[in-house]
Amino acid sequence: HNAHIYREYEREKMIKAKTAQARLQHAEPPSGTLLKDVTIDKIFLWELEDLSKKYPSALIENVMHNKSLGARGIRSPVLRQKSSVGDGDSQKGHLSHDTPYNKLISNHECIIGDVIRKPNMHTHTVAYVRAGPRRLLHFDPKHVNAAIVTCGGLCPGLNNVIREITKTLHQLYAIGGEVYGIQGGYRGFWDPAPYLQPLLLTPEMVDNIHHEGGTVLGSSRGGFDLDKILDFLQKKKINQLYVIGGDGTHRGAFRLHEGCMERGLNVAVAGIPKTIDNDVDYIDQSFGFQSAVEAAQVAIRSAKTEAVCNLPNGVGIVKLMGRSAGFIAAHATMASSDVDLCLIPEVPVVLEGPNGCLPHLRKRVQQQGYAVIVVAEGAGEEVLGTSAETDASGNKKLPPIGEFMKKAVTDYFAKFDEVATVKYIDPSYTVRSVPANAADSLYCMQLAQNACHGAMAGFTGFSVGLCNNKMVWLPIPELVATSPRSMNARGRTWERVLALTRQPNTVENEKEPEKGAAQVAKV
């Protein structure tokens, strides 16, 4: 019997070897099974707005100029003041050596959007323009003036992006103009307040800012005034604008692009997605997300220590950021493996009953003497209600889910004549104000460099991100159309959370489609 199995094994090896040789003659992969029920026959490329189709292009060959500058400085408040507009000339480089790119990207190189394929699903897919340096430049670097603005809340990595844009423009492209740092968000383009005057960013000034959290430019919500911002761009002869912010900020960036088109301004508007909630659609993840998840571990460990050491029935609650998406809470829970209950906006919060989180929590305390809860700030609207109030960005104000859960746990234990010692930790601002870790620092560098590559090539109204682990450029209207996104409550991520916490699954079952109804495969 064993000899027969071995002969069959050898026969299969021989067939595979002959098949591989035949396939190579037809330029086909030498191994693998041809699937006839999984195909792609149409690819729809998300094309970008191209300034070269409307304005004369410089058509300069693209090379790395590798411009060297003066001695490295340490950014300080004094240096920051000296670098403000009107306080003196920006520091210029004096040496450069041109190096050709080993790899230049053509405009029809693309990254497939729907990489997960299933039998008998649709045979078409969208594709994204691959980011990277192009052979010809639309803008002559000698005449480039740029501006950088950060909007919305803080996020790890903002300084990294500012630094890398500045260095890429000054050193890699050796621009002859200035890079303006707009202070205080969109308001900084037009507000006359002394502390909101634009800065002249130089490589020396930004050299060490990536070691700090926050943004050296400052940030704010609101303040968008189209005409005043366009007036500033015209006055300073700015032809590249880099906008760092979330989906709301990107909507403003695209309006600026349209305003430039209306005024006949040859200006490239590039966005860099920034959201600590990781809720900008299509991109694999936003910069700063990994750093935030890492920073949240400190709070979770503290909550566990408090729960373990405070008797009787210690419970530690950690509230993390996540308005409409539970990515930080879910990923922090998985990274920790110390969490007994995770609550996110996408999954209904059920307090009592067979699927109640409170009976589960009490059971965990009975088993191990303590419990740890992680809750996203946007969770629990089905029990707390939805607020009608909004902030300056138009985001609805969220009910206090953390304080609610603290009281709910205390009251539930009291029903059984038991005392729960509950400690509540809210590290929201600590999590978002830390410097970027190594992974996010690398990601920020890639985002910044590719934003510059796109702008120099003449693309506008686009954003840059990592899609299917490749850097791409995305048209802003497509990016914001489905943002903010939410986590898939029926996906593998939430199943991993349930496997770790062993909490009840309160996700509602999907309704069965009616007979004869068309079925769309969900990836």
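- Panel note: side chain Ser286, backbone Thr275; a donor-acceptor pair is recorded below 3.5 Å.
- Within the 4.5 Å cutoff, the side chain of Gln240 has heavy atoms near those of the Leu169 side chain.
- Taking the ring centroids of Phe287 and Tyr443, they lie at or beyond the 6.0 Å cut-off.
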Test Leu474 against Trp46 for side chain to side chain contact (heavy atoms under 4.5 Å, CB included), laying out the working first.
CA-CA 7 Å; Leu474 301 166; Trp46 279 3; 4.1 Å; yes
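- One N or O on the side chain of His250 and one on the backbone of Gly246 form a donor-acceptor pair closer than 3.5 Å.
- Side chains of Thr249 and Val243 form a contact here, defined as non-hydrogen atoms less than 4.5 Å apart.
- Within the 3.5 Å criterion, the main-chain N or O of Asp114 finds a donor-acceptor partner in the side chain of Thr125.
- The two residues Ile328 and Ala292 make their nearest non-hydrogen contact at CD1-CB, 4.1 Å.
- No side-chain donor from either of Tyr180 and Glu178 sits under 3.5 Å from a side-chain acceptor of the other.
- The pair Asp207-Lys167 meets the salt-bridge criterion, with a side-chain N (NZ, NE, NH1 or NH2) lying under 4.0 Å from an Asp/Glu carboxylate O.
- The closest side-chain heavy-atom distance from Leu384 to Ile401 is below 4.5 Å.
- Checking side-chain atoms of Asp281 against main-chain N and O of Ser483 turns up no donor-acceptor pair under 3.5 Å.
- Using a 4.5 Å cut-off on side-chain heavy atoms (C-beta onward), Leu137 and Asp140 make no contact.
- Of the inter-residue distances, the one linking Asp279 atom CG with Asp247 atom CG reads 6.0 Å to the nearest 0.5 angstrom.
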Where do Val374 and Ile300 land on the side chain to side chain contact (heavy atoms under 4.5 Å, CB included) test, with the steps shown first?
CA-CA 8 Å; Val374 168; Ile300 294 174; 3.9 Å; yes
Side chain to side chain contact (heavy atoms under 4.5 Å, CB included) between Ile317 and Ile425, worked out:
CA-CA 6 Å; Ile317 302 176; Ile425 300 173; over 6 Å; no
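- Using a 4.5 Å heavy-atom cutoff, the side chains of Val179 and His170 are in contact.
- Put simply, the side chain of Ser220 gets close to the backbone of Gly184: a donor and an acceptor are under 3.5 Å apart.
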Under the salt bridge (Lys or Arg N to Asp or Glu O under 4.0 Å) criterion, do Glu49 and Lys54 qualify, and how do the steps go?
CA-CA 10 Å; Glu49 292 279 350; Lys54 300 177 177 64; 3.5 Å; yes
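- Rounding to the nearest 0.5 Å places CG of Leu447 at 13.5 Å from NZ of Lys274.
- Judged by distance alone, the side chains of Asp98 and His65 do bring a donor and an acceptor atom under 3.5 Å apart.
- Under 3.5 Å, the side chains of Ser291 and Asn437 contain a donor-acceptor pair of N or O atoms.
- Remark: the backbone N or O of Gly177 is not paired with any side-chain donor or acceptor of Asn145 at under 3.5 angstrom.
- Shortest non-hydrogen contact noted between Pro345 and Gly322 is CG-O, 3.7 Å.
- When each of Trp190, Phe189, Tyr186 is tested with Phe232 by the rule ring pair (Phe, Tyr, Trp, His ring centres under 6.0 Å), just one qualifies, namely Phe189.
- Annotation: cation-pi geometry satisfied between Arg485 and Phe327 (NZ/CZ under 6.0 angstrom from ring centroid, within 45° of ring axis).
- A donor-acceptor pair is defined here as one N or O able to donate and one able to accept, closer than 3.5 Å; no such pair exists between the side chain of Asn468 and the backbone of Lys470.
- Taking the six-membered ring where tryptophan is involved, the planes of Phe459 and Phe462 are perpendicular, since the angle between them exceeds 60° and thus also 30°.
- A side-chain donor-acceptor contact under 3.5 Å links Asn266 and His138.
- Looking at heavy atoms from C-beta onward, Val464 lies out of side-chain contact with Gln446 at the 4.5 angstrom threshold.
- For the pair Phe254 and Val269, the minimum side-chain heavy-atom distance is 4.5 Å or more.
- Atom-to-atom distance recorded for Ser324:OG and Ile344:CD1 is 11.0 Å, nearest 0.5 angstrom.
- Contact record, Gly288 with Cys155: CA-SG, 4.0 Å, taken as the closest heavy-atom pair.
- Side-chain contact between Leu199 and Leu217 is present, with heavy atoms from C-beta onward closer than 4.5 Å.
- Taken to the nearest 0.5 Å, the CE atom of Met64 stands 12.0 Å off from the OG1 atom of Thr168.
- Remark: Arg263 does not engage Glu258 in a salt bridge, criterion side-chain N to carboxylate O under 4.0 Å.
- Asn239 and Val144 get closest at one heavy-atom pair: OD1-CA, 3.5 Å.
- A donor-acceptor contact shorter than 3.5 Å is absent between the side chain of Glu377 and the backbone of Leu320.
- A donor-acceptor pair under 3.5 Å is absent between the side-chain atoms of Gln285 and the main chain of Gln290, judged by distance alone.
- When atom types are taken as modelled, the side chain of Gln297 and the backbone of Val293 share a donor-acceptor pair closer than 3.5 angstrom.
- The residues Arg255 and Glu262 are annotated as salt-bridged, a charged nitrogen and a carboxylate oxygen being separated by less than 4.0 angstrom.
- Between Asp426 and Ser428, the side chains place a donor N or O and an acceptor N or O closer than 3.5 Å (distance only, hydrogens not considered).
- To the nearest 0.5 Å, atom OG1 of residue Thr215 and atom CG of residue Leu158 are 5.5 Å apart.
- In terms of heavy atoms, Val280 sits closest to Pro273 at CG1-CB, 4.2 Å.
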Would you sort out whether His124 and Ile43 count as a side chain to side chain contact (heavy atoms under 4.5 Å, CB included), showing the intermediate values?
CA-CA 6 Å; His124 62 268; Ile43 295 176; over 6 Å; no
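- Contact record, Asn450 with Gly132: OD1-N, 3.2 Å, taken as the closest heavy-atom pair.
- Of the inter-residue distances, the one linking Ser463 atom OG with Ile244 atom CD1 reads 10.5 Å to the nearest 0.5 angstrom.
- Under the side-chain hydrogen bond (donor to acceptor under 3.5 Å, both in side chains) rule, Asn107 has a single partner from Arg130, Arg135, Glu47, Arg134, which is Arg134.
- A salt bridge between Glu495 and Arg490 is absent, with no side-chain N of the basic residue lying under 4.0 Å from a carboxylate O of the acidic one.
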